[in-house]
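Report on the structure given below.
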Amino acid sequence: MDAVYTAPGYLFRRMQQIAVALFVEECRAFDLTPVQYAAMVAISTHPGIDATRLSAVIAFDRSTLGNVIERLEAKGFIERKPAREDKRVKLLHLTRAGAAMLRDIVPSVDKAQARMLQPLKPADRKALLTLLAQLVDLNNEASRVPLRAEDALEHLGKSG
């Protein structure tokens with residue numbers, strides 16, 4: 001099994017499992033998933049973003065993101081409003097409850113992030129994050145859902 005246990009893909013998958021478990025543990029009281037959190041941060045940062053651009057900003061599959069948006073709306077954290085120029089397009093906004101949730105969850109998210117890296121020495125944490133960011137950037141196009149934040153936000157800025 002060493003060939004599996006030492007493979008980069010296996011190690012990335014295991015770390016993703018660990019990262020999600022730590023996030024869920026630290027944020028249990030808030031009943032949010034990591035993707036729901038990322039969506040809320042993006043909506044807070046870019047009020048009036050539509051689902052297609054949100055998908056590009058957080059690099060998450062558009063069809064699956066629909067379920068995330070529905071759950072956040074059902075929880076009362078976001079609302080969808082029709083765009084002025086095209087009523088079929090729904091623009092996403094945080095509600096007051098969503099903004100409060102986001103403000104309240106940040107210390108728990110920060111704790112989860114710190115726990116992920118805690119076993120490493122500070123210099124190793126920095127090196128790991130630098131290398132991971134480089135790998136993600138250089139392999140972006142290989143993703144099923146490449147990160148397209150700049151393109152999406154450039155268009156958002158022109159239409160907003």
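- Between Val20 and Gln16, some side-chain heavy-atom pair lies under the 4.5 Å cut-off.
- The hydrophobic clustering, which links ILVMFWY residues whose side-chain heavy atoms are closer than 4.5 Å, places Leu65 and Leu72 together.
- Under the 4.5 Å side-chain heavy-atom criterion for grouping Ile, Leu, Val, Met, Phe, Trp and Tyr, Met15 is not connected to Leu120 through any hydrophobic cluster.
- Atoms CD1 and CZ, on Ile69 and Arg62 in that order, are 5.5 Å from each other to the nearest 0.5 Å.
- Closest approach of Ala39 and Leu54 over heavy atoms only: O-CD1, 4.0 Å.
- In terms of modelled atom types and a separation under 3.5 Å, the side chain of Ser55 and the main chain of Ala51 share no donor-acceptor contact.
- In this structure, the separation between CG on Leu135 and CG on Asn140 is 12.0 Å, given to the nearest 0.5 Å.
- One distance of note links NZ of Lys111 with CD of Gln118; it measures 11.5 Å at 0.5 Å rounding.
- Side-chain heavy atoms closer than 4.5 Å link hydrophobic residues (I, L, V, M, F, W, Y) into clusters, and following such links, even through other members, never connects Leu91 to Phe77.
- For the pair Pro107 and Asp104, the tightest heavy-atom approach, listed with the atom from each and the gap, is CD-O, 3.4 Å.
- Distance CG/Leu94 to OG/Ser44: 5.0 Å, rounded to 0.5 Å.
- No path of Ile, Leu, Val, Met, Phe, Trp and Tyr side chains, each step under 4.5 Å between heavy atoms, connects Val109 with Leu22, placing them in separate hydrophobic clusters.
- Remark: Arg71 CZ to Gln36 CD distance equals 7.0 Å, nearest 0.5 Å.
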**Report entry** Leu32/Cys27 under side chain to side chain contact (heavy atoms under 4.5 Å, CB included): CA gap, chis, key distance, verdict
**Finding:** CA-CA 7 Å; Leu32 275 190; Cys27 301; 5.7 Å; no
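- Minimum interatomic distance between Val4 and Tyr10 (heavy atoms only, all atoms of both residues): O-CB, 3.1 Å.
- Judged purely by distance below 3.5 Å, without hydrogens or angles, the side chains of Arg14 and Gln17 pair a donor atom with an acceptor atom.
- Proximity of Leu102 to Tyr37: side-chain heavy atoms (C-beta onward) are separated by under 4.5 Å at one or more points.
- Considering only heavy atoms from C-beta on, Leu128 stays 4.5 Å or farther from Arg125 through its side chain.
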Report task. Please lay out, stage by stage, how Arg53 and Asp50 fare under the test salt bridge (Lys or Arg N to Asp or Glu O under 4.0 Å). Result -> CA-CA 6 Å; Arg53 286 179 185 78; Asp50 63 77; 2.3 Å; yes
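- Criterion: ILVMFWY side-chain heavy atoms under 4.5 Å apart, direct or through other members. Under it, Leu92 and Val145 are not part of a common hydrophobic cluster.
- To the nearest 0.5 Å, atoms CZ (Arg115) and CD (Glu26) are separated by 4.5 Å.
- Within a 6.0 Å radius of NZ in Lys87, more than 12 heavy atoms belonging to other residues, nucleotides or ligands are found.
- A pairwise comparison of heavy atoms in Tyr5 and Leu11 identifies O-CD2, 3.4 Å as the closest pair.
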**Report entry** Criterion side chain to side chain contact (heavy atoms under 4.5 Å, CB included) on Gln134 and Asp137, from CA distance to verdict
**Finding:** CA-CA 5 Å; Gln134 185 178 357; Asp137 183 53; 5.9 Å; no
**Report entry** side chain to side chain contact (heavy atoms under 4.5 Å, CB included) between Leu129 and Leu117, intermediate numbers included
**Finding:** CA-CA 9 Å; Leu129 291 176; Leu117 297 175; 3.7 Å; yes
